[in-house]
Amino acid sequence: MTDTPRTLAEELRTRTDSGLVGLLRTRPDLFNPVPGDVTQLATRAGTRASVVRAVERLDRFVLQTAEALAVAPDPCPYGTLAALMAGDAGDAAVAAELPRAVAALRAQALVWGPDDRLRLVRTARELLTPSAAHPSPTGLGPTVAEATAGMSPGRLQEILAAAGLPTTHDPVSAVAALTALFSDRARMAALLDTAPAESVAVLDKLLWGPPYGGVTDRPAPHLQWLLDRGVLLPAGARNVVLPREAALHLRGGRAHHTPEPLPPALAPATERDPQLVDNAAASQAFTALATVEELLKEWDLGGPPVLRAGGLSVRDLKRTATALDTTEQLAAFWLELAYAAGLIASDGEADERYAATPSAEEWLQLPDHQRWAVLAAAWLPATRTPGVVGTADAKGRALAALGPHLDRSPAPEVRRRALTLLAGLPPGTSVPAAAVRARLRWERPLRGAGPGARAAAAPAGGSVPAAGADGAPAEDLRARLAQWALAEAELLGVTGRGALSAHGRALLGSEPEAADATAAETDAAAARAAALLAPLLPEPLDHVLLQADLTAVAPGPLRRPLAEALGVLADIESKGGATVYRFTPASVRRALDAGRSAAELQEFLSTHSRTPVPQPLAYLIDDVARRHGQLRIGAAAAYVRCDDDALLAEILADRRAAPLRLRRLAPTVLAAQTSPEQLLDGLRAMGYAPAAESAAGDVLIARADSYRTPPRTAPGPVPDGPPPPDRTLLEAAVRAIRAGDLAATAERKPVPAPAAAAGALPRTTSAETLATVQAAVLTQSALWIGYVNADGAASQRVIAPVRVEGGFVTAYDHTADEVRTYPLHRITGVAELADDAV
């Protein structure tokens with residue numbers, strides 16, 4: 001092998017193991033399956049799908065560098081590339097950052113070769129090179145040689161004469177002479193000094209692209225002047241193009257209108273007291289817990305039905321939003337958050353409906369900071385995107401909350417990266433969301449759009465992004481993902497007043513950039529964040545303040561048993577920093593129906609109130625309790641039983657009882673032609689307080705049974721391509737590639753035909769194979785073997801035989817880097833290696 005690599009595979013062979021590990025880490029699609037050797041690795045790295053994915057992950061300046069290489073000579077010296085990026089005037093920032101950009105392209109195997117012969121991988125050049133169908137983001141057109149292909153030799157000589165160049169004897173030299181003229185700054189400037197002002201104005205319009213323009217059959221004199229001298233060349237019947245060399249002269253040698261070597265600054269920055277930020281985030285975290293708890297309470301007896309196509313109907317989403325006292329878009333976020341955490345799911349029954357899961361019961365029993373950790377650990381890696389709820393997909397169908405097609409694979413990367421940018425700021429510092437979006441756009445200008453979309457670029461280097469799954473442009477989707485990530489972080493209490501909180505920093509883990517963090521790592525980081533959040537959350541209270549207007553004020557969050565009991569005895573009237581409960585006859589009756597007596601209710605209130613029980617409230621409880629159960633409802637179809645026959649006579653005389661179709665069976669019994677439930681509701685609507693009774697005559701206690709789904713697993717994120725393997729797997733893969741490369745390239749001793757055919761496995765008879773292997777055991781030498789496994793897959797390997805017995809050979813396999821045993825009948829043949837091959 002020469003010092004200068006002739007192919008990408010040859011350069012990859014010269015890389016260190018750490019260099020190959022870095023390549024596989026940044027381009028994980030090359031890892032699975034593990035390439036058999038370096039040649040396979042290089043081939044796979046040059047495939048279109050892999051190159052497109054790699055180019056999409058370049059930052060703007062590295063991408064601009066690759067685009068400049070696509071319009072540069074191939075191979076391109078580093079000095080030529082620097083001139084294309086910085087221009088004739090030079091640019092200190094570009095000069096300082098260009099080595100990083102070239103190193104990044106080389107590390108990802110998109111560029112190879114030494115600095116004096118940089119080569120862009122062929123597939124990347126095809127993607128980024130300008131053409132009539134796919135203009136380059138640089139705004140440059142074809143070269144003189146490309147634009148004059150097919151032009152008659154006579155016409156070429158006419159152009160040379162008009163440009164003041166001597167004529168030549170062949171088209172090749174004519175094109176070379178014209179190219180040299182356009183590339184020579186002094187001679188080109190002298191030529192354009194003689195051009196009409198209108199001609200210069202035309203060139204100014206085409207300068208930064210698109211380089212194509214239209215002409216008539218009889219061009220104006222100023223256009224004809226440009227056509228005669230080849231400054232504009234034909235590009236069809238009625239189109240002309242500004243050749244690349246001429247455009248570069250007019251641009252001062254710059255390939256890009258505005259090189260962007262440095263990322264946009266995160267500014268303007270607003271500094272706040274970090275403690276205030278943490279307190280604000282903790283307050284919002286507590287609100288998030290209360291909202292999810294309210295959602296679970298709302299669906300305690302079973303939630304709305306599942307649409308046939310999956311998801312929640314628009315009407316049910318509105319009802320849920322009303323119950324949570326929020327907007328429909330925010331309700332979608334809370335629903336998706338609870339779904340991602342495994343707290344709600346569909347029950348899977350024939351009449352499918354949503355409900356809380358058994359995990360929700362466990363979640364409700366956890367301390368507040370641990371409950372927040374569950375939500376945060378589910379939110380950070382989630383790919384389901386509630387922000388697209390209500391929009392239309394590619395087929396025009398509305399996307400429903402909890403429905404299919406809400407996964408957006410880039411969401412976790414964008415979410416984590418947005419928070420990482422905030423983590424890079426001093427504690428308590430916030431920046432506008434637009435600044436974060438601008439930085440993310442610089443870091444991944446093509447992410448989701450693809451080079452094919454970027455190729456349809458705007459004149460000054462802008463792009464026409466591809467459409468996303470929800471019908472929106474992919475670049476716009478990424479910007480919206482960043483906007484939603486920041487808004488959701490604020491709702492969840494990860495940030496406070498736009499700045500990342502201390503527990504938010506802990507949530508990102510020790511390596512904020514690690515978007516491929518495992519579930520265990522995310523859970524551990526969430527637990528550390530929860531420990532920081534715990535002291536900031538309000539301590540649950542065990543008391544309320546009873547007031548004379550039949551209300552109770554909870555000055556803060558209540559302990560769960562107290563909140564649950566008070567929720568039965570009273571109705572929540574308002575929420576906020578303090579929750580107001582109102583006592584009504586219906587709410588008191590609800591508590592009595594649940595099996596509590598008037599004395600127990602009075603004792604409960606006096607125990608948990610910091611103020612005396614007001615007399616109106618005590619009277620209300622006693623009055624409802626006195627009438628509660630005086631009437632008894634049972635099943636006949638239904639009956640009413642009461643010891644007070646005057647009360648039954650009053651009910652019969654009431655016109656409102658007509659729909660119940662009551663009749664007297666005995667002085668103390670009325671029969672009805674309705675169900676007991678309807679009879680209970682009807683009499684309560686008339687102002688009575690009946691109680692249901694069993695067949696034995698005992699009062700039935702009405703406790704609502706919670707409805708839960710069968711055990712459900714929370715939905716897993718949809719990965720954005722293959723996950724990056726850990727370092728142990730990467731190092732093992734590199735060893736396997738090295739060993740496979742050894743087997744493929746090791747020098748072998750001559751073998752008889754046809755085994756010596758290029759690329760063929762060695763072929764020997766069984767006797768020859770056995771004899772050669774036995775000899776290798778004695779001499780402790782290595783062999784090249786052809787092997788067919790049990791699945792019929794053929795491969796070549798380099799082995800060092802150790803023992804031969806029972807029809808098997810035990811050997812150290814250099815390809816797999818381990819000791820293996822091979823059946824002799826599966827070895828197609830053997831060949832000895834050259835003495836210095838291993």
Side-chain angles (χ1 to χ4, degrees), residues 297-298 300-302 319 351 353 550-551 564-573 581-605 613-707:
K297 181 179 179 181
E298 181 69 19
D300 195 50
L301 301 180
R319 290 174 179 169
D351 295 328
R353 61 193 302 195
L550 297 180
T551 61
E564 291 177 351
L566 195 59
V568 176
L569 181 56
D571 299 322
I572 296 178
E573 189 170 79
Y581 294 84
R582 178 164 295 279
F583 300 94
T584 66
S587 69
V588 174
R589 185 180 65 239
R590 186 171 63 230
L592 294 172
D593 287 342
R596 307 291 289 270
S597 66
E600 290 174 338
L601 294 179
Q602 298 277 12
E603 182 181 359
F604 168 79
L605 292 175
V613 178
Q615 193 176 55
L617 178 56
Y619 285 168
L620 173 65
I621 294 174
D622 291 339
D623 183 57
V624 174
R626 185 171 52 256
R627 295 182 293 117
H628 183 267
Q630 191 175 9
L631 298 176
R632 300 293 184 89
I633 306 298
Y639 64 84
V640 180
R641 180 171 66 84
C642 182
D643 296 334
D644 187 352
D645 56 350
L647 180 57
L648 294 181
E650 178 184 336
I651 293 174
L652 283 174
D654 197 321
R655 293 182 179 180
R656 294 174 297 174
L660 302 178
R661 291 177 290 177
L662 297 169
R663 70 181 187 278
R664 188 186 291 271
L665 297 181
T668 58
V669 179
L670 299 179
Q673 298 182 27
T674 60
S675 67
E677 292 78 13
Q678 292 174 323
L679 185 54
L680 276 168
D681 293 340
L683 291 178
R684 284 172 177 170
M686 295 168 60
Y688 298 98
E693 71 177 14
S694 66
D698 300 324
V699 174
L700 292 176
I701 297 175
R703 290 192 179 95
D705 293 328
S706 299
Y707 181 76

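Hydrogens, waters and symmetry mates play no part in the numbers below; they use all other heavy atoms, side chains included.
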Check: Checking side chain to side chain contact (heavy atoms under 4.5 Å, CB included) for the pair L679/L662: CA distance, chi angles, key distance, verdict?
Finding: CA-CA 10 Å; L679 185 54; L662 297 169; 4.0 Å; yes
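- In this structure, M686 CE and R655 CZ are separated by 12.5 Å, a value rounded to the nearest 0.5 Å.
- No side-chain heavy atom of V613 sits less than 4.5 Å from a side-chain heavy atom of I621.
- From L601, atom CG reaches atom CG of L605 across 6.5 Å, with rounding to the nearest 0.5 Å.
- Between the CG atom in D622 and the CG atom in L617 there is a gap of 9.5 Å [rounded to 0.5 Å].
- Residue L592 comes nearest to A598 through the heavy atom pair CD2-N, 4.0 Å, listed as atom of the first residue, atom of the second, then distance.
- Around atom CD of E603, no more than 12 heavy atoms belonging to other residues, nucleotides or ligands sit under 6.0 Å away.
- T584 places none of its side-chain heavy atoms less than 4.5 Å from the side chain of L550.
- Across all non-hydrogen atoms, the minimal contact from I651 to A657 is O-CB, 3.5 Å.
- Put simply, the side chain of R664 reaches to within 4.5 Å of the side chain of D645, judged on heavy atoms.
- The minimum heavy-atom distance between R353 and L301, with the atom names listed, is NH2-O, 4.0 Å.
- With a 6.0 Å radius and a threshold of 12 heavy atoms from other residues, nucleotides or ligands, D623 has its CG atom above the threshold.
- Taking 4.5 Å as the limit, every side-chain heavy atom of L648 sits out of range of all side-chain heavy atoms of R641.
- With sequence neighbours excluded, the residues satisfying side-chain contact (heavy atoms from CB on, under 4.5 Å) with S597 are A599, E600.
- Between D681 and Q678, every side-chain heavy-atom pair lies at or beyond the 4.5 Å cut-off.
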Item checked: Verdict with supporting geometry, S587 and D571, side chain to side chain contact (heavy atoms under 4.5 Å, CB included) -> CA-CA 7 Å; S587 69; D571 299 322; 4.1 Å; yes
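- Comment: D300 does not engage K297 in a salt bridge, judged by the lack of any side-chain N to carboxylate O separation of less than 4.0 angstrom.
- Summarising the geometry, atom CZ belonging to R626 is positioned 11.0 Å from atom OH belonging to Y619; distances are rounded to the nearest 0.5 Å.
- When side chains are defined from C-beta on, L569 does not count as touching R590, because their heavy atoms never get closer than 4.5 Å.
- Judged by the 6.0 Å distance and 45° axis criteria, R627 is not positioned over the aromatic ring of Y688.
- In this structure, F583 and L566 have side chains that are in contact, with non-hydrogen atoms separated by less than 4.5 Å.
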Margin query: Using side chain to side chain contact (heavy atoms under 4.5 Å, CB included), reason through L670 and L660 one step at a time and then give a plain yes or no.
Written below: CA-CA 11 Å; L670 299 179; L660 302 178; over 6 Å; no
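- Using a 4.5 Å cut-off on side-chain heavy atoms (C-beta onward), P690 and V640 make no contact.
- The heavy-atom pair separating A638 from P676 by the smallest distance is CB-N, 3.8 Å.
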